[in-house]
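The structure appears below as structure tokens.
Numbered from 1 within each chain, the chains take letters A, B, ... in sequence-line order. Atom set for the values below is all heavy atoms of this structure, side chains included, hydrogens, waters and symmetry mates excluded.
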Amino acid sequence: MVQILNLEEAVRHIKDGDIVLGGGFYANGTPERIIDEMIKQGQKDLTIVNNDGNTTEKGMGRLVAAGLVKKCIFSWCGRMTCLPQMVDEGKIELELCPQGSLAERIRAGGFGLGGILTPVGLGTMVEAKWGERTHLNGQDWLYQSPIRGNVAIIEADRADEEGNLVFNLTQRNFNQIMCYAADVVLVQVNNPIEPAGSIHPQEVHVPGILVDVMVQA
Amino acid sequence: MVQILNLEEAVRHIKDGDIVLGGGFYANGTPERIIDEMIKQGQKDLTIVNNDGNTTEKGMGRLVAAGLVKKCIFSWCGRMTCLPQMVDEGKIELELCPQGSLAERIRAGGFGLGGILTPVGLGTMVEAKWGERTHLNGQDWLYQSPIRGNVAIIEADRADEEGNLVFNLTQRNFNQIMCYAADVVLVQVNNPIEPAGSIHPQEVHVPGILVDVMVQA
Amino acid sequence: MNSKEFIAARVAKEFKDGDTVNLGAGLPNLAVKYLTPGTKIYLQAENGIVGFGPHDPEQPINPFCTDAGENPITINKGGAIVDSVTSFGLIRGGHLKLSVLGAMQVDEEGSIANWLVPGGKMAGMGGAMDLVCGAKKVIATMEHNAKDGSAKILKKCTYPLTGERVLSAIVTELGFFEVTPEGLVLREISPNVTVDEIRARTEASFTVDENLKEMTVN
Amino acid sequence: MNSKEFIAARVAKEFKDGDTVNLGAGLPNLAVKYLTPGTKIYLQAENGIVGFGPHDPEQPINPFCTDAGENPITINKGGAIVDSVTSFGLIRGGHLKLSVLGAMQVDEEGSIANWLVPGGKMAGMGGAMDLVCGAKKVIATMEHNAKDGSAKILKKCTYPLTGERVLSAIVTELGFFEVTPEGLVLREISPNVTVDEIRARTEASFTVDENLKEMTVN
């Protein structure tokens, strides 16, 4: 059942060395208040999984700038100007994954599947470095492994007391699927948490049973 | 772009020998008006993919009773009392698939993936007859191939002129995912088709670009 | 309380506050009746519901609001609807605390057979194979012996399997068995039955918990 | 009209009424400006939108309503939002009629490289590898030659690939090439350029359509 905690207590669920799935596409949908508090508490040696890291001033990239991250799994990180040099110097590990495959791998982790079989990335560096060519059903596919997190940090627009979430338009992006793929799901809720029953059951984007901790932003 | 047709014109999109994905869980969510017209038009040698077939009086099972089906892919068919004997007599082929794997295989077909890797069915008849054990990422998984249809027949509660669909509670079941996995998607809409803009973009269950033909039920 | 009700009532003691639970048709479904007052569980159904209860007879029936047995239901305040793909993502992905199923046979390796009698009609497995893979805890429930008295807890299932090495526990009217990596362990025994009697009515080997408790219900 | 605008305007002629289209940042995005009046297309964006247009400056900006470049947008009446997983299901699953991308190199096998210069910064492929797999038609757009005059339509790409044998067509300011199983075919040629001139500026082999047309824009 979902707990409503203050920011400090909520972020205490994150531990050194955790794999942290971070929702958001650039700044849109990234739980900035949770990231503020992570930097304050300073959990380190994190692996972060995010679409793009955004920048070192806003978004998951702030955790990299703060020296808390040992590995990033991103589809793109062109705005994180500091990252390529850090990777070259061996200070941080970077795994790149095509955006749709990244989403699908997180889903596989959350849906109890053994990974994905996709045409995307065949014959590219993704096959060479992070995938495995398999032949099934008469065709070649790129196998990529599932991704799960110890923690997911999520931003939502609305939530009810049961933890049901609704996102505001494109805020949804990776936030929805990441709620399935982590042991602990921490959600920053941008609007006042509503009583159970205020969200119609067929308009729920994430069922509340997936949410562990909510923080009122 | 979606067309709004009368029932007869709509069902003319189905051809002899087609693979037909049928939405619904028992009677709930099954497009009965489309099935009525299929029986009238009599397209034959169909392969039907459905959760359960329901009965020979209501649901996809009516197509079997009408002699129009050469193969069924179901997760369960305990209400179709005529089926086991027809299978024994070689009049019809029956492929059984665990319910979640069936949904996931249809999704793989619609999402451009090479199939599924699941723990479900390992060591069972599903592995022996309809799957393939694979070893990936240090673990055994059951590989099952994607499923696609020539046509999907779908029931929806609401639709707008752009083909966006909303389902009524558990009517959603297999209807949502089947819209991704067929060359032609035929939808029976139970309420009057609404102008574009009447369904909020974040409450759409199926984006209209997936829908080809709507019939006003 | 007959055997089935007794088994169901014992299963209900496994429900902890906040658990998400899928209950198979028949015996497992009876367990809801014995839920400890003050304990709230979220019932999940294969056709895509999280958080429902029985239909309120004072309300009209909505034919589009049914459970996996096509019974009319009431969605709880704070309940949610998902599609079939997501419903099984919840089931297979470890998001259910507990799945309770009826069984025809189970064995000492934790395998279960509950979908097909050899030579019987091929009616399909429905969601049963999915349900035994993924829930944090999978409990098989059944009467201890078949109507002809033969054992149903076997060394190895002889019927086509639903799942291989998937069970956490087996509950019959005679006792509560935990499935451990070392085999079956009898943790609780019913009143008025002896371990020797259970051994006589069970083909599988099992050890007896040194703190064997009486199986009681609320 | 400069080269980029000319290329974009030619791409726009590929848009048919009702098409769902994903346009990459930069040059591909310019094509919207040249949409034939009366033709309606559905723009799709990787972050989960179907059916949008540019932000209406008279409306307030919603920071939760942005495209894949984080630009504020307007969702059309009848538009829909999906999550990232579903967005790429649409892309990879053949639900887009057309994906238009910028390219650094393309080759006569229909491969494309557009995400990494050897020795350059590893900024990632974003959604580009997904976009080149799955859309019914994939068009690469670019200026015909690099700034130093070197060829960008090669026998074989030398930069790390985005996708292998994925392109349907290549559009530059000099011409429109279709990628066929037999190799590149020049279908249209720009005014004021000759086939010989194109050959001189192209490393890849190509054949010339016997009904070669002039490349014109609306």
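Top candidate by heavy-atom pairs under 4.5 Å with chain A, chosen from D:Gly134, D:Pro63, D:Gly89, D:Ala68, is D:Ala68. For chain A, the option among D:Gly127, D:Gly163, D:Gly124, D:Gly126 with the highest count of heavy-atom pairs below 4.5 Å is D:Gly126. Between chain A and the residues D:Asp67, D:Leu116, D:Ile81, D:Ile73, the most heavy-atom pairs under 4.5 angstrom are made by D:Ile81. When D:Lys121, D:Glu46, D:Arg92 are compared by the number of non-hydrogen pairs under 4.5 Å with chain A, D:Arg92 comes out ahead. Put simply, of A:Ser75, A:Gly29, A:Gly123, the one with the most heavy-atom pairs under 4.5 Å next to chain D is A:Ser75.
Minimum heavy-atom separation, A:Leu169 to D:Phe64: CB-O, 3.2 Å. Closest non-hydrogen pair, A:Gly100 versus D:Phe88, comes out as CA-CG, 3.2 Å. When all heavy atoms are compared, the tightest approach of D:Cys133 to A:Pro119 is SG-O, 3.8 Å. Contact between A:Thr170 and D:Cys65 at its shortest, heavy atoms only, is OG1-CA, 3.5 Å. Pairing each heavy atom of A:Phe174 with each of D:Ser84, the nearest pair is CD1-OG, 3.2 Å.
D:Asp83 places no side-chain N or O within donor-acceptor distance of the main-chain N or O of A:Gln176, the cut-off being under 3.5 Å. With hydrogens and angles ignored, the 3.5 Å screen pairs a side-chain donor or acceptor of D:Glu70 with a backbone N or O of A:Ala27.
Looking at A:Phe74, neither its backbone nor its side chain comes within 4.5 Å of chain D, counting heavy atoms on both sides. When heavy atoms are compared at a cutoff of 4.5 Å, A:Pro84 approaches chain D solely by way of its side chain, counted from C-beta outward. For D:Val132, no part lies near chain A; criterion is any non-hydrogen pair under 4.5 Å. With a 4.5 Å cut-off on non-hydrogen atoms, D:Ile49 touches chain A through its side chain but not through its backbone. Contact annotation for A:Leu94: only side-chain heavy atoms (C-beta onward) come within less than 4.5 Å of a heavy atom of chain D. D:Thr162 touches chain A through its backbone: at least one of N, CA, C or O sits under 4.5 Å from a heavy atom, while the side chain does not. In this structure, chain A has a heavy atom under 4.5 Å from the side chain of D:Ile75, while its backbone stays farther away. There is no contact between A:Gln85 and chain D, counting heavy-atom distances below 4.5 Å. Contact of D:Leu131 with chain A is not made at all, since no heavy-atom distance falls under 4.5 Å. Residue contact with chain A, scored on non-hydrogen atoms closer than 4.5 Å, is absent for D:Ala113.
Remark: of the listed residues A:Leu142, A:Leu96, A:Thr124, A:Thr124 is the sole one forming a side-chain contact (heavy atoms from CB on, under 4.5 Å) with D:Met129.
The environment of D:Lys156 atom NZ is sparse: at most 12 non-hydrogen atoms of other residues, nucleotides or ligands sit within 6.0 angstrom. Around the NZ atom of A:Lys91, the shell of radius 6.0 Å holds no more than 12 heavy atoms that belong to other residues, nucleotides or ligands.
Between D:Val85 and A:Phe111 there is no side-chain heavy-atom pair separated by less than 4.5 Å. When side chains are defined from C-beta on, A:Glu127 does not count as touching D:Glu164, because their heavy atoms never get closer than 4.5 Å. Taking 4.5 Å as the limit, every side-chain heavy atom of A:Met125 sits out of range of all side-chain heavy atoms of D:Met125.
Interatomic distance, CG of D:Asn47 versus CD of A:Gln171, reported as 12.0 Å (0.5 Å rounding).
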